Visitor: 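The structure follows.
Heavy atoms only: backbone and side chains are in, while hydrogens, waters and symmetry mates are out. Lettering follows sequence order; numbering is per chain, from 1. These numbers come from a predicted model, not from an experiment.
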Protein chains: 2
Amino acid sequence: MIARKSKHVYIGSAGLYRGGERKDAMTPGMPTIDAAPSESDAPGGVRQRDAANTRQCLLQAARRRFAHDGYAATTVRDIATDAGVNVALINRYFTSKEGLFEACLTRAVEELDRPIPESDTVELMLQTMLRHLAELPSGEHPLGLLLLLRSSGDESAERIRRNTFRHFAERLAAAAGWRPDDAETEHLMLRAQIALSVGFGIVLLRTTSGLEALSSASAGDLAGPLGDVFAALLEPAPDARP
Amino acid sequence: MIARKSKHVYIGSAGLYRGGERKDAMTPGMPTIDAAPSESDAPGGVRQRDAANTRQCLLQAARRRFAHDGYAATTVRDIATDAGVNVALINRYFTSKEGLFEACLTRAVEELDRPIPESDTVELMLQTMLRHLAELPSGEHPLGLLLLLRSSGDESAERIRRNTFRHFAERLAAAAGWRPDDAETEHLMLRAQIALSVGFGIVLLRTTSGLEALSSASAGDLAGPLGDVFAALLEPAPDARP
DNA sequence: ATGCTATGTAAACAGTTGGCGACTTAGGCC
DNA sequence: GGCCTAAGTCGCCAACTGTTTACATAGCAT
């Protein structure tokens, strides 16, 4: 018995994925960014042309696949099918599979880094993390953090990843009082990185461990425990702690 | 320019991997389980036969590859080359790539579950986790936790993964006072799963994020912060916490 | 030695994958 | 209309991947 690659059909909480053999259902219509195929695209209809839209569709589909299955496990054909788009267009718009992944990563980093309220506090960073752990208003899980964990092996993508990690670690550490070259506060960097680990660990186990309580927890459910963790790690304790 | 699969050369902290083109250096000698090729295997020497040994070599090499690169990204030829063994032997001894992965997973679970001191305490679980986060006496990083995060997509392997997660979550939760079907202690399950996330998050970021402080931290360095986290999550706080 | 089996080797196979080049066509502009 | 370019399609390929098959041989019992 050969364990063939699973062409799984995702039925996420809010329809993360539509069925596998999208091609039959979609083409030749206009690629749609989200949810069910729009009513308007008749099966025999005319393929409309909209470069920006197809680009977005590809990005969206790629984000989901990459985040969920990892880089190596997803094929460009998977992505194209999900997006309801011809495979060759991936290379047209993103040069290569690596290019597409890098585009996903870049967009994810932008999303994660958007709210920079100048003065960081541990509390604010905690809320940002919470927002990216839990469900979006649209009902979809945020994929940015997850994407950051899916390495492609490509050098330039890897650099983006590492820079992002370092950037957030430093922001978090700084919010907790860490200052560069200050040996006195050096331990805070490690603690900030551990705090970061918590977030990534949660997002990973939420999506891949099958732990019921964790994967179904809402932002509100996580707020309490996660607040305790951040406080224990980064808030100066009453009794001095090396 | 085609982004070819990187046949990287691992030079781990304690020589996790030896160079990529092992075949030239190793064959035809006896496959060796660890470290540098033993002095005794002359290049023109006779290939010795030792099924148990080659099995172990394959397992070891597979563990490293799977844990480090993920299931999909590692090829059976990679593993065979690392182990200094013919590719076909993977299928002989483990039926398939999936079988080999499952064997790795099973062994990892055994290692993780070894010390069951009957009565679990949060403190003991913390120490167990610490032991699997930090370096082994041999100088190698423990790969068990990491392997648990690398899904193969195979149904039976996935079941092992999930059962292991659930098992440890319940052990940890129980150690903190959780009792099945006791709504009063239900919140402890979520907290235990978050505590688990911390461990997995750390092991993941230690190996893939390039965060210096974290990846070079010793068990002793982690003990303090991690102890704080576990305490904040699982030790009953003086002021009641829902 | 003779045979037998466990072990190991080499080559090939069938399916998949990412990428590319030649082609078609929609839609705007003159 | 005629033309042009961007957008999309189609078929192919070379490389790679997991697996199998046919073959070689070491070690051992007889």
Visitor: Is a side-chain donor or acceptor of A:Arg161 paired with a backbone partner of B:Thr208 at a separation under 3.5 angstrom?
Guide: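 Judged by distance alone, yes, a pair lies under 3.5 Å.
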Visitor: Ignoring hydrogens and angles, tell me if any N or O in the side chain of A:Arg206 forms a donor-acceptor pair with the backbone of A:Leu133 under 3.5 Å.
Guide: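 Yes, A:Arg206 side chain to A:Leu133 backbone: donor-acceptor pair under 3.5 Å.
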Visitor: Between the main-chain N or O of A:Tyr71 and the side-chain N or O of A:Arg150, is there a donor-acceptor pair closer than 3.5 Å?
Guide: no
Visitor: Rounding to an integer number of Å, can you tell me how far B:Asp50 CG sits from C:dG8 P?
Guide: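 About 7 Å, once rounded to whole Å.
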Visitor: Less than 4.0 Å between a side-chain N and a carboxylate O, is that true for A:Lys97 and A:Asp154?
Guide: no
Visitor: So if I take every side-chain heavy atom of B:Lys97 and compare against D:dT20, D:dC10, D:dG18, which nucleotide ends up nearest?
Guide: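 In terms of side-chain proximity for B:Lys97, the closest of D:dT20, D:dC10, D:dG18 is D:dG18.
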Visitor: Please report, rounded to the nearest Å, how far the C1' atom of C:dT9 is from the CG atom of B:Leu58.
Guide: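 These atoms are roughly 14 Å apart.
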Visitor: To the side chain of B:Arg77, which of D:dT19, C:dG21, C:dT7 is closest?
Guide: D:dT19
Visitor: Expressed in angstrom and rounded to an integer, what is the separation of A:Leu89 atom CG from D:dT9 atom P?
Guide: 6 Å
Visitor: Please give, in whole Å, the distance from C:dG18 P to A:Ile90 CD1?
Guide: 8 Å
Visitor: D:dG8, OP1 or OP2 - any side-chain N/O from A:Thr54 closer than 4.0 Å?
Guide: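 For D:dG8, OP1/OP2 do have a side-chain N/O of A:Thr54 under 4.0 Å.
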Visitor: Are any side-chain N or O atoms of A:Asp221 and backbone N or O atoms of A:Ser218, one a donor and one an acceptor, separated by less than 3.5 Å?
Guide: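 Side chain of A:Asp221 to backbone of A:Ser218, a donor-acceptor pair under 3.5 Å: yes, one is there.
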Visitor: Would you mind reading off the distance between B:Asp78 atom CG and D:dC16 atom P, rounded to a whole angstrom?
Guide: 12 Å
Visitor: Report which part of the nucleic acid B:Phe94 touches: base, sugar-phosphate, or nothing (heavy-atom distance under 4.0 Å, all strands).
Guide: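 Counting heavy atoms under 4.0 Å across all strands, no contact is made by B:Phe94.
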Visitor: Report yes if a donor N or O on one partner sits less than 3.5 Å from an acceptor N or O on the other, where the partners are the side chain of B:Arg49 and the base of D:dT25; otherwise report no.
Guide: yes
Visitor: For B:Ala51, report the nucleic acid contact type (base, sugar-phosphate, nothing); a contact means any heavy atom under 4.0 Å.
Guide: sugar-phosphate
Visitor: What is the distance, to the nearest angstrom, from the OH atom on B:Tyr71 to the C1' atom on D:dG18?
Guide: 9 Å
Visitor: For A:Asn91 and D:dC13, what is the distance between atoms CG and P respectively, to the nearest whole Å?
Guide: 18 Å
Visitor: Please tell me which of the listed nucleotides, C:dT9, D:dC10, D:dA7, lies nearest to the side chain of B:Ala88?
Guide: C:dT9
Visitor: For A:Asn53 and D:dG8, give me the distance from atom CG to atom C1', rounded to whole Å.
Guide: 13 Å
Visitor: Counting side-chain heavy atoms from CB outward, which of D:dC10, C:dT17, D:dG18 is closest to A:Asn86?
Guide: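 Of the candidates, D:dC10 comes closest.
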